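Below is one structure, written out as structure tokens; comments come after it.
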Amino acid sequence: MPGFLTPMGASLAGHPPSGPEWVFEVKWDGVRGLVYIEDKQLTIYSRTNNRCDRQYPELQVLPHFIAARNAILDGEIVALDAHGVSKFELIQPRIHQQDANSIAKMAQKSPVHFYVFDLVYLDGYDLRRVELSERKRALKAILKPHPLLRFSDDFAAGAELLEAARQAGLEGLIAKCKSSFYESRRSRQWLKIKLTHQQEFVIAGYLPGERDYFGSLALGYYEGGSLIYAGNVGTGFNERTLRELWHVLEPRRISKMPFAKADKIPKGTVWVKPELVAQIKFQNWTEDRKLRAPVFLGLRDDKPAIEVEREESPGVVPSQLLPAGKNEIPATIGGHPIKFTNLDKIYYPEDGFTKRDLLNYYAGVADLLLPYLKDRPLSLKRYPNGIHEPFFFQKNTPETYPAWLRTEVLPSDGRPIRYVFAQDRASLLYLVNLGCIDHNPWMSRIGSLECPDYILIDLDPQQCEFDKIVEAALLVKEKLDAIGLTGYPKTTGGDGMHIFVPIEPRYTYAQARSFAEVISRLLASERPDLFTTPRAVEKREKNRVYFDYLQLAESKTISSAYSARAYDGAPVSTPLTWEEVRPGLHPSQFDIANCPERFARAGDLFEGVLRKPQKLEKAFPKLEKLVRG
DNA sequence: ACAGCCT
DNA sequence: AGGCTGTCAGGCACT
DNA sequence: AGTGCC
């Protein structure tokens with residue numbers, strides 16, 4: 001029986017997929033649970049492998065209603081409201097409850113249910129490489145009736161189930177590919193389609209009501225410096241939160257309305273200084289840009305009010321530059337005419353993403369990506385027929401390309417090369433339309449082409465798990481910390497990770513490279529079990545991390561941050577916080593479908609790469625000292 | 001996407 | 001005229 | 001000089 005197991009995850013999708021290979025389930029709003037049964041003994045692990053069966057003693061009966069000696073079941077632990085709808089708010093107080101008395105009382109008064117949807121292991125058989133439809137069949141066969149144990153039914157009609165879920169006030173759907181294997185990662189074989197959304201809003205006032213304290217809160221968000229009214233939230237409070245909110249609202253009373261316009265705001269609203277931020281769950285936005293069915297979840301003190309804006313979640317509120325329908329769309333971007341062609345061509349056959357999807361991705365992230373391409377010569381890597389068909393490199397720009405593209409002629413070993421640049425949105429989208437899936441800029445900019453503006457630390461796995469890359473990256477961070485430098489980590493979108501150490505463009509490529517080389521040799525000598533350095537692939541030891549410092553040279557390139565990659569799953573090279581660099585991180589968690597939402601939330605985590613160049617004069621002696629021991 | 005060569 | 005084909009990088013460590 | 005790798 002496999003030991004620790006990471007549960008399979010679903011990727012976000014905007015609408016249910018169609019086709020006979022998909023089945024649909026209700027998305028239960030509770031906590032994920034992997035139920036292990038060994039000789040009638042039950043243990044439950046959470047998504048992050050924390051044991052949590054102590055929280056739910058009422059589930060101890062489950063082994064008696066599952067006809068198996070040894071099994072691992074996957075499902076969701078839920079608390080149901082009066083209508084039988086699972087509500088996260090109802091189970092939340094139980095998740096971290098430590099007090100045995102409270103646990104027992106809640107187990108008695110409002111028992112949780114286990115909605116089981118998958119069977120990973122059964123009596124000697126590892127079912128992870130068995131297709132989903134077979135696993136479900138086996139699961140159904142071993143379940144015996146019990147009120148707390150429920151099979152999560154599957155349905156064939158996605159659109160209909162989604163509508164029914166909407167009517168019932170459910171959170172959303174999960175779509176699963178019938179033939180999918182059970183993988184311990186987020187996959188596009190499983191998709192989640194959400195009906196409810198969450199974001200922060202500024203509290204700008206309250207409306208007195210029948211009950212004590214207040215009836216509802218007036219919510220807003222900033223747009224271009226103005227506070228825009230988003231509707232009122234009147235539910236989600238209890239006696240305590242009403243009272244506590246009242247005490248923080250009262251001292252903030254003001255007489256002047258903080259909203260820019262008075263449109264459709266209820267009369268009698270009492271204004272408060274727009275300083276408090278509330279987390280709100282809601283079903284969707286109405287046509288006139290108000291919240292439908294908002295629910296108050298809590299106050300947030302980690303976000304300044306002025307930063308609260310309306311979040312457009314891609315796929316859910318599709319803001320599509322190139323809508324579906326026509327295979328070819330003439331457009332004007334930034335005053336330049338571009339004919340977008342072959343939009344329905346499949347670029348990612350395993351995932352169904354088309355050239356249109358890729359263009360829409362880049363249109364959405366252009367503002368984030370462009371600073372990392374600006375003023376840098378590009379090596380075009382063109383995939384005219386998608387990721388599984390041949391690609392070719394192109395450095396020289398044909399004379400026939402539009403004159404508004406910036407180009408520069410640079411000397412080269414052979415004849416001079418006229419490099420192209422992506423200086424703006426139009427240039428970027430023009431290049432994507434040529435079949436450039438990833439974008440590969442130089443590490444130096446016009447004006448100082450011989451001096452890189454960051455040291456690239458490139459960690460590549462030699463047939464090892466991503467957790468080793470994570471371990472290696474954290475060791476790199478340790479060394480950087482020790483010599484007083486800041487590094488910025490990102491996934492490559494492939495198997496490895498990049499760490500960028502921004503520097504002033506005063507050091508030659510050779511100097512920057514030797515800096516990376518010294519770090520690599522230092523780490524390799526300290527952890528020969530983790531790193532391998534030989535250039536020749538066949539000499540690199542397996543199950544190691546290859547620290548590649550050779551890619552740091554003039555005219556060499558790597559895929560930029562925010563670049564999509566030409567691999568199955570349509571992954572994106574994604575900047576990370578160091579807190580995210582920990583076991584369980586996997587590059588497949590970030591793809592062209594879910595990244596725009598992440599970027600809207602996380603902002604530009606690579607900002608410091610351009611904004612905070614560092615000097616090496618002090619760091620180099622420190623590094624030499626470390627090497628000498 | 002385009003040029004140049006082929007039929 | 002129309003269709004097919006070739007082209008669209010390059011440096012460097014290592015052998 | 002040839003080749004594999006990025």
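Per chain, numbering begins at 1; letters A, B, ... match sequence-line order. Both backbone and side-chain heavy atoms feed into the values below; hydrogens, waters and symmetry mates do not. The shown structure was predicted, so the numbers you read here are calculated from the model rather than taken from an experiment.
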Side-chain N or O of T341(A) closer than 4.0 Å to phosphate OP1/OP2 of dA1(B): yes

Using a 4.0 Å heavy-atom cut-off across all strands, classify [X] as base, sugar-phosphate, or nothing.
{"X": "D458(A)", "value": "nothing"}
{"X": "I558(A)", "value": "nothing"}
{"X": "D460(A)", "value": "nothing"}
{"X": "R513(A)", "value": "sugar-phosphate"}

Figure out the [atom1]/[atom2] separation between [X] and [N], and round it to whole Å.
{"X": "Y549(A)", "N": "dC5(D)", "atom1": "OH", "atom2": "P", "answer": "17 Å"}
{"X": "F392(A)", "N": "dC2(B)", "atom1": "CZ", "atom2": "C1'", "answer": "11 Å"}
{"X": "N433(A)", "N": "dA1(B)", "atom1": "CG", "atom2": "C1'", "answer": "11 Å"}
{"X": "N342(A)", "N": "dA1(B)", "atom1": "CG", "atom2": "P", "answer": "6 Å"}
{"X": "E538(A)", "N": "dT3(D)", "atom1": "CD", "atom2": "C1'", "answer": "11 Å"}
{"X": "Q462(A)", "N": "dC6(D)", "atom1": "CD", "atom2": "P", "answer": "8 Å"}
{"X": "K539(A)", "N": "dT3(D)", "atom1": "NZ", "atom2": "P", "answer": "19 Å"}

Quick note, salt bridge (Lys or Arg N to Asp or Glu O under 4.0 Å) partners involving residues 493-514 of chain A, not counting sequence neighbours, are E504(A)-R506(A), E504(A)-K615(A), R506(A)-E617(A)

When you compare dC5(D) with dA9(C), how far apart are their P atoms, in angstrom units rounded to a whole number? 22 Å

Please measure how far the C1' atom in dC8(C) lies from the corresponding atom in dA3(B), and state the result in whole Å. 12 Å

Only one of D344(A), T341(A), V432(A) forms a side-chain contact (heavy atoms from CB on, under 4.5 Å) with K355(A), so which one is it? T341(A)

Partner of dA9(C) by Watson-Crick or G-U wobble geometry, both contacts under 3.5 Å, or none? none

Nucleotides bounding contact with chain A, strand DNA chain C, heavy-atom threshold 4.0 Å: dC8(C) to dT15(C)

Under 4.0 Å between a Lys/Arg side-chain N and an Asp/Glu carboxylate O for K556(A) and E554(A)? no

Within the supplied structure, the quantity of interest is the number of heavy atoms (other residues, nucleotides, ligands) at a distance under 6.0 Å from K542(A) NZ; does it exceed 12? yes

Would a line drawn from the ring center of Y362(A) to the ring center of Y562(A) be shorter than 6.0 Å? no

Taking for each residue the nucleotide of DNA chain C bearing the nearest heavy atom, is the 5' side occupied by Q394(A) or by S555(A)? Q394(A)

Where does the angle between the aromatic ring planes of F466(A) and H586(A) fall among parallel (under 30°), tilted (30 to 60°) and perpendicular (over 60°)? tilted

Do the rings of F620(A) and F515(A) sit parallel, tilted or perpendicular, given the 30° and 60° boundaries? tilted

